[in-house]
Amino acid sequence: MTLRKQGRRPVLGWIGRLALGAWLPSCLMAACGGPPPEPGPGFEFGLGPAVSLPGAEVPRWTLEERMDHYEVPGVSVAVIDEGRIVLAKGYGLADTDEGTPVTASTLFQAASISKPVAAMAALKLVEEGRLSLDGPINEVLTGWQVPDNEFTRDSVVTLRGILTHTAGLTVWGFPGYARGVEVPSVLQVLQGVAPANTDAVRVWKVPGTGFRYSGGGYTVMQKAVEDGAGRPFAEYLAQEVLSPAGMTESTYEQPLPEARWRQAARGHRAEGIEVPGEWHTYPEM
C-alpha cells in the first residue's frame, strides 16, 4: 500500500519529540512467533471515533483512510488477545524517499510510552534491595544529586514520587538532538549545561504535594538505575527487562546504532517537515 499523493508528501507523525528514547517494533514478545490468525474486519475496516454521542450516527473508517487523513505514511500495529500477540503487521512506508515498507520489525521511537518499561527496571532494583522506593533518592545517586532547596526542607525526593510524577521535579519534556549535533551526557542534562538544550532538573514544589509530569524526573531515575545497577542504563534494560520479556528487537540505545538505521522509520513533524537527520537522539533514555 502506498500513500503517495500527487503534489504533496505524506507525513509521519513522529512520536519522539518531547520524550524518552526507547525504540520498539510492533512485534514485542516471543509470543509473536508463528503465523498469527487474522483478526476480524473491524480492525482494518471499522475504525470509529474515541467518543460518540447517544443517538448520533457513528462514522467508520478504514485504517488506510485514517492514515491518509492524518498524513501518516507508515504505521505498525500489534493486536494482543488475552496476553498473546495474535497479529503484528506493518502498513505503508517507513521511508517515503526510498519506498521502504513498514513491517512488524520496523523500529519506531517509542517516546514516553517507554517510561512504564523503564520503571520496571527501577522496581526490579527495589525488589533486589539495591534501590529504595520511599527513601531519599539522593542516597543512591553518585556524582550528582538532586539539589536541596526550600521545598525539600521537610520532604525528600523519592523513587516512588519520581515514578508517579509527584516528586516536584522540573523539565516536562525533551526536544532531542539532531544527528550530527553534539549530544550531552546524562550529567549535563541533569545540570542543564551545554550542550544540553533544556534547563537543569530542580525541585520546584514540595515533593508529594501534587502531580506534574516530569521527564526530568525520569532522567533522575535513569541515573539512579545506572548507579544502583552499576551498569549502563541501556545495557541493564536490555538484559534485565527487554530480553526476559522477549523484546529482543527493542532497545534503549541512544544514539541508535548505525547497524540498525535501515530498520528504523524516518520521522516527520506534523506539518510535514522531516526531522533533521531523520530522527533525533535522546540521552534521556
Side-chain angles (χ1 to χ4, degrees), residues 14-24 107-123 125 131 137-138 140-147 157-159 161-204 211-229 231-238 240-242 250-257 260 264 267 269 275-285:
W14 187 249
I15 61 175
R17 276 187 282 179
L18 296 176
L20 309 188
W23 289 81
L24 302 176
L107 291 173
F108 291 86
Q109 282 197 307
S112 282
I113 61 172
S114 66
K115 282 186 171 73
V117 183
M120 288 293 295
L123 293 175
L125 289 171
L131 289 183
I137 195 68
N138 278 345
V140 71
L141 294 172
T142 60
W144 178 90
Q145 294 191 326
V146 179
V157 174
T158 67
L159 179 60
I162 289 172
L163 294 178
T164 58
H165 299 279
T166 59
L169 292 169
T170 59
V171 187
W172 327 128
F174 298 101
Y177 300 84
R179 200 186 308 176
V181 172
E182 185 179 2
V183 177
S185 66
V186 172
L187 183 60
Q188 289 171 323
V189 170
L190 293 171
Q191 294 174 327
V193 299
N197 58 13
T198 49
D199 294 332
V201 178
R202 296 290 184 265
V203 181
W204 73 286
F211 174 89
R212 180 62 188 265
Y213 191 88
S214 175
Y218 265 66
T219 308
V220 175
M221 183 203 73
Q222 176 180 334
K223 188 174 191 318
V225 168
E226 287 192 337
D227 292 343
R231 281 186 269 170
F233 185 78
E235 177 185 310
Y236 184 78
L237 264 290
E240 304 296 335
V241 178
L242 298 180
S250 303
T251 183
Y252 277 82
E253 292 177 281
Q254 296 286 337
L256 185 69
R260 307 193 73 178
R269 302 296 190 188
V275 173
E278 299 177 327
W279 55 74
H280 277 188
T281 294
Y282 294 85
E284 314 89 7
M285 302 177 192

If the condition is side-chain contact (heavy atoms from CB on, under 4.5 Å), which residues does [X] pass it with, not counting sequence neighbours?
X    : answer
A238 : none
V171 : F174, T198, V201
N197 : P175, Y177
W204 : T170, W172, R212

* To do: For side chain to side chain contact (heavy atoms under 4.5 Å, CB included), just list the numbers for V117 and L242, CA-CA rounded to whole Å, side-chain angles, deciding distance to a tenth of an Å, and then say yes or no.
  => CA-CA 8 Å; V117 183; L242 298 180; 4.0 Å; yes
Going from [atom1] on [X] to [atom2] on [Y], what distance comes out if it is rounded to the nearest 0.5 angstrom?
X    : Y    : atom1 : atom2 : value
L107 : T251 : CG    : OG1   : 8.5 Å
E284 : S114 : CD    : OG    : 11.0 Å
L169 : L190 : CG    : CG    : 10.0 Å
F108 : I113 : CZ    : CD1   : 11.0 Å
L159 : L123 : CG    : CG    : 6.5 Å

Using modelled atom types and a 3.5 Å cut-off, is there a donor and acceptor pairing between side-chain atoms of [X] and backbone atoms of [Y]?
X    : Y    : result
H165 : F211 : no
Q222 : P283 : yes
N138 : Q145 : no

Would you mind listing every salt bridge (Lys or Arg N to Asp or Glu O under 4.0 Å) that reaches into [range], with sequence neighbours excluded?
range            : result
residues 162-186 : R179-E278
residues 163-178 : none
residues 184-201 : none

* Is a side-chain donor-acceptor pair under 3.5 Å present for S112 with Y218? ->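 No pair is found: no donor N or O on one side chain lies under 3.5 Å from an acceptor on the other.
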* To do: Can you spot which of L131, L125, V225 makes a side chain to side chain contact (heavy atoms under 4.5 Å, CB included) with V140?
  =>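 The option that passes is L131.
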When you compare the side chain of [Y] with that of [X], does any pair of heavy atoms fall below 4.5 Å?
X    : Y    : result
Q254 : Q109 : yes
L163 : K115 : no
V220 : I162 : yes

* To do: Quick one: sort the F233 and Y252 rings into parallel, tilted or perpendicular, breaks at 30° and 60°.
  =>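 The arrangement is perpendicular - the two ring planes meet at more than 60°.
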* Asked: E240: what forms a salt bridge (Lys or Arg N to Asp or Glu O under 4.0 Å) with it, not counting sequence neighbours?
  ->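 K124, R231.
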* Asked: With R202, which residues qualify under salt bridge (Lys or Arg N to Asp or Glu O under 4.0 Å), at least two apart?
  ->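 Here no residue qualifies.
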* Asked: Shortest non-hydrogen contact from A196 to V189?
  ->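 Shortest heavy-atom contact: CB-CA, 4.0 Å.
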* Please walk me through it: do I137 and T158 pass side chain to side chain contact (heavy atoms under 4.5 Å, CB included)? -> CA-CA 5 Å; I137 195 68; T158 67; 5.9 Å; no
* Asked: Taking only residues two or more places apart in sequence, or in another chain, which ones meet T166 in a side-chain hydrogen bond (donor to acceptor under 3.5 Å, both in side chains)?
  ->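 By the side-chain hydrogen bond (donor to acceptor under 3.5 Å, both in side chains) rule, T166 matches T164.
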